[in-house]
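Because the structure is predicted, anything quoted here is derived from the model rather than measured. Quick note on labels: first sequence line is chain A, next is B, and so on, each numbered from 1.
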There are 2 protein chains.
Amino acid sequence: MKERIIDVAQALVQSRGFNAFSYRDLADRILIRTASIHYYFPKKDDLARALIERYRSDFEGAIQDIDCTARSPQDRLSAYLKMFLELSKGGSRLCLFAVFSAELPSLSETVQEEIKIFYEKNIQWIGDVIDDGRRAGLFSFPGGSRDVASAIFSFLEGEMLVQRVFPSKEPFPEVPDAIRILLSWGP
Amino acid sequence: MKERIIDVAQALVQSRGFNAFSYRDLADRILIRTASIHYYFPKKDDLARALIERYRSDFEGAIQDIDCTARSPQDRLSAYLKMFLELSKGGSRLCLFAVFSAELPSLSETVQEEIKIFYEKNIQWIGDVIDDGRRAGLFSFPGGSRDVASAIFSFLEGEMLVQRVFPSKEPFPEVPDAIRILLSWGP
DNA sequence: GTCTATAAGATGATAGAC
DNA sequence: GTCTATCATCTTATAGAC
């Protein structure tokens, strides 16, 4: 049940935002009473934290999978992008953290801190991968790998916003051209 | 008065989101009663439309200013970026449209349409500028200018989300490195 | 134009029966 | 665990006095 509530809540956050849905919205969709949801998540902030925790652990699990299979930097980055887009259901759902960032000052301190950790982990990981790639002569870019990693991550988060507004746009290619250019990643 | 309401409302939207503030929040800040706000903006959707209209006209005015002074593609793009960041008050405020995109499905059809127009205008303009730049041999990038313009815009919107989470990060340079790389824009 | 007063409904939350 | 019942509060919105 707990998982099911999180499922539905996540879908609502990713489409409307955290402040634009109520326990009633959840209850109606799950066919349960709001009091039952309060049993699992007494305060709405508890729900926010649970949402983040699962999303983040999904992400970290996926990243570990990628690291374990230990392929080339290119394959790792490709796999990351694919996973990123999958979790967001191709734009109809935003990245959970893009939504939370947009509403950041309305969220609790704890949640804000969790969001920061998520961003940090992602940028760190991308930075490591492209650094590996550069050392192997596969990628080429000026400056620090962290800056480029941050730019890639910003681009991905922003691209979801744009894609939401233009659903007619062709779906994300597996590796967006912008990233290929940023990394001088030849075809 | 109307302008003042829009000022305060815009600040609230850019920090918390459209669904996370109420007429009461506005009233408390402006030292007025909620009924008075309803006099100017009967429905909250009227306020949303007014917000968008002003933001968009500010943007278009600024873009026209840039076009009239008719400088080089590089200067035009620099000026655009500077304006973009100014309107967003350096990350403490998100781009109004980044917030609206994040909450898109919770907004009215009319508002959604306006958001689309804003995005379209911006991407179109950036595309024209970098196309000019490419023809003049100042920029170099593979593929269509619209795709690169879209990537630049996505990056900017996303960068604001990231900057909000890491306020300690150094402020946006006038022309972010990512954009220099995307355009092969030498120093 | 701004106010008081107020309505109708939503919202987050709790107590207590089953 | 799930329910009914209930709460205080907030939210959007309107009517009508000044």
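- Here the C1' atom of nucleotide D:dT14 and the NZ atom of B:Lys43 are 9 Å apart, to the nearest Å.
- Ring geometry for A:Tyr55 versus A:Phe118: interplanar angle of 30 to 60°, hence tilted.
- A:Glu103 and B:Arg16 are not joined by a salt bridge, as no carboxylate oxygen comes within less than 4.0 angstrom of a charged side-chain nitrogen.
- Here the P atom of nucleotide D:dT12 and the OH atom of B:Tyr23 are 8 Å apart, to the nearest Å.
- The phosphate of C:dA10 has OP1 or OP2 within less than 4.0 Å of a side-chain N or O from A:Arg24.
- For the pair A:Ser36 and D:dT2, the criterion of a side-chain N or O lying under 4.0 Å from OP1 or OP2 is not met.
- For B:Lys2, no side-chain nitrogen or oxygen approaches OP1 or OP2 of C:dG1 to under 4.0 Å.
- Note on A:Lys43 versus A:Asp46: no salt bridge recorded, every NZ/NE/NH1/NH2 to OD/OE distance being 4.0 Å or above.
- Ranking C:dG1, C:dT14, D:dT14 by closeness to the A:Ala35 side chain, first place goes to C:dT14.
- Closest-nucleotide positions on DNA chain C for A:Thr34 and B:Leu31 were compared, and the one nearer the 5' end corresponds to B:Leu31.
- For the OP1/OP2 pair of D:dC3 and a distance below 4.0 Å, the side-chain nitrogens and oxygens of A:Tyr39 include no atom meeting the criterion.
- Note: CZ (A:Phe41) to C1' (C:dT14) measures 18 Å, nearest angstrom.
- Side-chain atoms of B:Lys44 lie closest to D:dT12 of the nucleotides D:dG1, D:dT12, D:dA5.
- Summarising the geometry, the separation between CD1 on A:Ile30 and P on D:dC3 is reported as 11 Å, rounded to the nearest angstrom.
- One atom, CZ of B:Arg16, and another, P of D:dC10, lie 13 Å apart when rounded to the nearest Å.
- Distance OH (A:Tyr40) to P (D:dC3): 10 Å, rounded to an integer number of Å.
- Closest to the side chain of A:Arg33, out of C:dA13, D:dT4, D:dA15, is D:dT4.
- With 3.5 Å as the limit, one finds no donor-acceptor pair spanning the side chains of B:Arg24 and B:Ser22.
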Checklist entry - side chain to side chain donor-acceptor pair (under 3.5 Å) between B:Arg146 and B:Gln124: does it pass, once the steps are laid out? => result CA-CA 7 Å; B:Arg146 202 193 190 278; B:Gln124 182 70 45; 5.0 Å; no
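- Nearest to the side-chain atoms of A:Ser22 among the listed nucleotides D:dA13, C:dT11, D:dC3 stands C:dT11.
- Rounded to whole angstrom, the span from the CD1 atom of B:Ile37 across to the C1' atom of D:dT14 amounts to 15 Å.
- Rounded to whole Å, the distance from CG on A:Asp28 to P on C:dG12 is 12 Å.
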